[in-house]
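This structure is a prediction, so every number in the text was calculated from the model and none was measured.
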Amino acid sequence: GNQVVRIRGVKENVKIAQEKIEELITNNIRVEIKVEAKQAGMIIGKSGGNIQAIQVETGAVVKVVKDGDETKVKIMGCKENVQAAQVKVQKIIAGWITEEIKISADDAKSIVGRSGKSIKALEMETGTRLRID
């Protein structure tokens, strides 16, 4: 829905604020990128680190949203900032590959370790996500 911006101040300052808001609105664009759910985690990063870095470095607003069964990255801001953020998101997605290794049940136990400590340490050390099926 629509929202209202109330501007209060001296007449000249209100006029300036109004012009700046209109300038912001007309220069802003929005881009959506469909991603796999597992890629969303890479874009967000540990404790939101990657997505925060993208926002700080580019000045764009970046959000990862679940829309039905689709996961989307929404990027908003002025054209240059949105394009810069888009490039950073695409680099993260492009670098994502999946490899599979067949292992025995005993090997799976040693990889996971007591209470999952070994697998968590391996993920932290390598910057990857591991899943044993």
Distance in Å, [X] [atom1] paired with [Y] [atom2], rounded so as to fall on 0.5 Å steps:
X	Y	atom1	atom2	answer
M42	I93	CE	CD1	10.5 Å
I51	I92	CD1	CD1	8.5 Å
I21	I7	CD1	CD1	4.0 Å
I75	Q55	CD1	CD	10.0 Å
I29	M76	CD1	CE	11.5 Å
Q83	K88	CD	NZ	14.0 Å

query = For N13, which residues count as a side chain to side chain donor-acceptor pair (under 3.5 Å) partner, sequence neighbours excluded?
reply =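 With sequence neighbours excluded, N13 shows a side chain to side chain donor-acceptor pair (under 3.5 Å) to no residue whatsoever.
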Residues forming a side-chain contact (heavy atoms from CB on, under 4.5 Å) with [X], sequence neighbours excluded:
X	result
E80	C78
N50	none
Q52	none
K34	E70, K72

| task | Over all heavy atoms of both residues, which pair between V65 and K74 is shortest? Give the atoms and the distance, please. | result |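 In terms of heavy atoms, the two residues are closest at CG2-CE, 3.6 Å.
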So which heavy atom on K63 is nearest to which on V61, and how close?
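It is CE-CG1, 4.1 Å.
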Within the distance-only criterion (no hydrogens, no angle test), does the side chain of T58 pair as donor or acceptor with the backbone N or O of A60 below 3.5 angstrom?
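Side chain of T58 to backbone of A60: a pair is present.
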Can you confirm whether more than 12 heavy atoms, excluding those of E100, are under 6.0 Å from its CD atom?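 Counting other residues, nucleotides and ligands, CD of E100 stays at 12 neighbours or fewer.
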Item checked: Co-membership, hydrophobic cluster, residues I43 and I33, 4.5 Å side-chain ->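 Looking at the clustering, I33 is in the same group as I43.
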Could you identify which residues cluster with I119, counting Ile, Leu, Val, Met, Phe, Trp and Tyr as linked when any side-chain heavy atoms lie under 4.5 Å apart, either directly or through a chain of such contacts?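 ILVMFWY cluster around I119 also holds I101, I103, I111, V112, L122, L130, I132.
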Using distance alone, with no hydrogens and no angle criterion, decide if S110 and D107 have a side-chain donor and acceptor under 3.5 Å apart.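 Note: S110 and D107 side chains miss the donor-acceptor criterion.
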Contact between E12 and V14 at the side-chain level, heavy atoms closer than 4.5 Å - yes or no?
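Heavy-atom side-chain distance check fails, nothing below 4.5 Å.
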